[in-house]
Protein chains: 2
Amino acid sequence: MKVKIVDVAREANVSVATVSRVVNNIPLVNEETKERVLEAIKKTGYKPNAIARSLKIQRTNTLGIMIPDISNPLYTEMVRGVEDICGIYNYNIILSNTDFSPEKEHESLDVLIEKQCDGIIYIGKNLSEEFQETLKNAPSEIVLGCVSDEKGELSSVLIDNESAAYDLAKKAIDAGYKNFALFYDRDEGFVNRKRIDGVRRALDEAGIELDPELILRGNINVKGGHSMMTKLLESGKEFDIVMCMNDQVAIGAIRAAEDAGRKVPDDIAVTGFNDYWISEWFDPKITTVRQPMYDIGAIAARMLIKMCESDEKESRTITAPYEIVARQSMPEHAC
Amino acid sequence: MKVKIVDVAREANVSVATVSRVVNNIPLVNEETKERVLEAIKKTGYKPNAIARSLKIQRTNTLGIMIPDISNPLYTEMVRGVEDICGIYNYNIILSNTDFSPEKEHESLDVLIEKQCDGIIYIGKNLSEEFQETLKNAPSEIVLGCVSDEKGELSSVLIDNESAAYDLAKKAIDAGYKNFALFYDRDEGFVNRKRIDGVRRALDEAGIELDPELILRGNINVKGGHSMMTKLLESGKEFDIVMCMNDQVAIGAIRAAEDAGRKVPDDIAVTGFNDYWISEWFDPKITTVRQPMYDIGAIAARMLIKMCESDEKESRTITAPYEIVARQSMPEHAC
DNA sequence: AAATTTCATGAAAATGTTATCATTGTCTGA
DNA sequence: TCAGACAATGATAACATTTTCATGAAATTT
């Protein structure tokens, strides 16, 4: 049978209250009895029961993370940031995959609430109006990562996607590119929309027309990028640059271009987004936008823990810095 | 204030026992009162408190995962497998990074035990004798992933690393390669050792001598691979194939070879291990060994849940299948 | 009609902690 | 010498559930 606090108390010949005090490092206990209790703890191998403790103190020291897909390296890096901060402040993490599905989202949230997470980090590319409402009414503290509710009623940490996409597109325009193709997500969503908006603004400002037929939608992975490029090349449309939703899509697009006998960046320039580790080692190295995912996770966690431990109720939106990473796949001057 | 079971009971004009019964779907309750209780639950917005429940029933429906580094995609894929199985059986996951550090390992384990995880999955590349002992004495059920205690006293799920490395080396020998270099982990450890053993056995059988100076140790990432290859080329030693600890190392090695004006695979063949998604899209495509990480995670989780819910106490070692993936970086016939 | 079974429900104990309040000495200062 | 302060400790009431046992009513069997 598991040893509990009363067993230790019996062994050390003190009351449970005293044992609890030494376990929790509460000062009002005689040095000698403390010693005796410590002895008893070691002898019995007592480990406090955090569940019972949580029930009593009404805190679990646990954060929930809702994440679309833990096997996506982008999110993983963010989780790592959360993890590290949690380590410092003695919190733990309960993971919950949402798979981009609204039902799973609701289920996940319910479970995290039922398990009494002190706070919850919601990570995603999109956030429905309805779920925003649900989150606002949740009893746990909430911080959004990588998305925001546009009203700013929930706290969030993310980069300015619109402006990042704008900057990247501007750079392409300055380099001399004229015919833009876009490989974006099939599903409309917060992040996707912002990025397209950014590109569009840059083109508008430069007086460049964006041909709607050059905005392709597909799966946001290597294969998706490959097939979008293949399709686009087959269409015979003119274009000299492709801006992709992320680096995987860019890699797929580059391979497809090569398969079709086109050179990147000589014939076609390609940009990605997110800056995976491979983007620096791929040939050609991929021009992209770096989001500080680790930092975003860390900041979100830090905010959330602060919210749990004080009762500041005001929501804050933190804009993390991004960085345009210029590499080979889109040179400074169009070839 | 949070609404609890007694509030629902009052609202529905029944006892808490009855509410508990309908919440837990225990059949012995009249259809009509059940209806009334359900009504009251909806009206009050009651969500059961899993902490209190766990304290009473002495189960948390929570699995702990100890993992060296969640940002390593290999482990992430495994976590995904665990997650999916947990979803089916209504378990949750508490994550805990161990960072390959023995102290962190102990801390992690303690926390997971204190939080009363029903079971714990230990993932890693190595397992010290001492920690094996600690795990064996843990009150929670334990399953190892990717490693095993060599005595088989703990349950585990992993591929046969020795034999995978043997097969891969054999393939290289059959292709005609003669001068083997190895890029492996600086730290000796279970997985690393097994893989080197496997290569060595294949070479021994073929009567090929393995030059100790061609076994290089370094960081197991792209940069490590790059610097090992650079160093090896500078040494002027003869070699025609490099077998790497994983695909990242292989990618680094390939880039370094190219930087030095050598062609892969024409001048030097390179093999990896683990088969990341990029290995199929990199140029050259990387010859490697695929471990079914998702399945390993899923099987481990399934085993663990079974162990938690029955009381079979016998430990089982499950050997997952691996697959040699022949691609361009090591062709079937040496050039 | 009596005895037995079944069904629906409630009261209350138990789960392992923490924290409040009370108690007992011991010490300090007038 | 004694009131008051203080230090160390213990009893015990929460915390929100589940589950056992008891109870009474209704249904069924003898």
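Chain A is the first sequence line, chain B the second, and so forth, proteins listed ahead of strands; every chain is numbered from 1.
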- side-chain N/O A:N24 vs C:dT18 OP1/OP2, d < 4.0 Å: yes
- Item | Rounded distance (Å) that lies between atom P of D:dA14 and atom NZ of A:K56 | 9 Å
- Item | Phosphate OP1/OP2 of C:dT17 contacted by A:S20 side-chain N/O (<4.0 Å) | no
- Per A:N30 side chain, nearest of listed nucleotides C:dT17, D:dT17, D:dT9: D:dT9
- Message: Between C1' on D:dC15 and CD1 on A:I57, what's the gap in Å once rounded to a whole number?
- Response: 11 Å
- Task: Decide, yes or no, whether a salt bridge links B:K4 with B:D7 under the criterion of side-chain N to carboxylate O below 4.0 Å.
- Result: no
- Figure out the CD/P separation between A:Q58 and D:dA13, and round it to whole Å. 19 Å
- What integer distance in Å separates A:I51:CD1 from C:dT18:C1'? 15 Å
- Item | Rounded interatomic separation in angstrom, taking CG from A:L28 and P from D:dT9 | 10 Å
- Item | Length of the line joining B:E114:CD and C:dG16:P, which is rounded to integer Å | 15 Å
- Task: Establish, with yes or no, whether the OP1 or OP2 oxygen of C:dG10 is under 4.0 angstrom from a side-chain nitrogen or oxygen of B:T18.
- Result: yes
- First of B:L55 and B:V14 reached from the 5' end of DNA chain C, by closest nucleotide: B:V14
- Just wondering, are more than 12 heavy atoms of other shown residues or ligands nearer than 6.0 Å to NZ in B:K306? no
- Got a salt bridge between A:K34 and A:E31, using NZ or NE/NH1/NH2 to carboxylate O under 4.0 Å? no
- Between D:dG10, C:dT17, C:dT9, which one does the side chain of B:T33 approach most closely? C:dT9
- Note on the structure: Scanning both residues in full, the closest heavy-atom pair of A:M307 with A:I142 reads CE-O, 3.6 Å
- Atom pair distance, as rounded to whole Å: CG in B:N13 and P in C:dA8: 19 Å
- Query: How many Å lie between OH on A:Y46 and P on C:dG16, as a whole number?
  - Reply: 10 Å
- Message: If you count heavy atoms of other groups shown closer than 6.0 angstrom to CD of A:E39, is the number above 12?
- Response: no
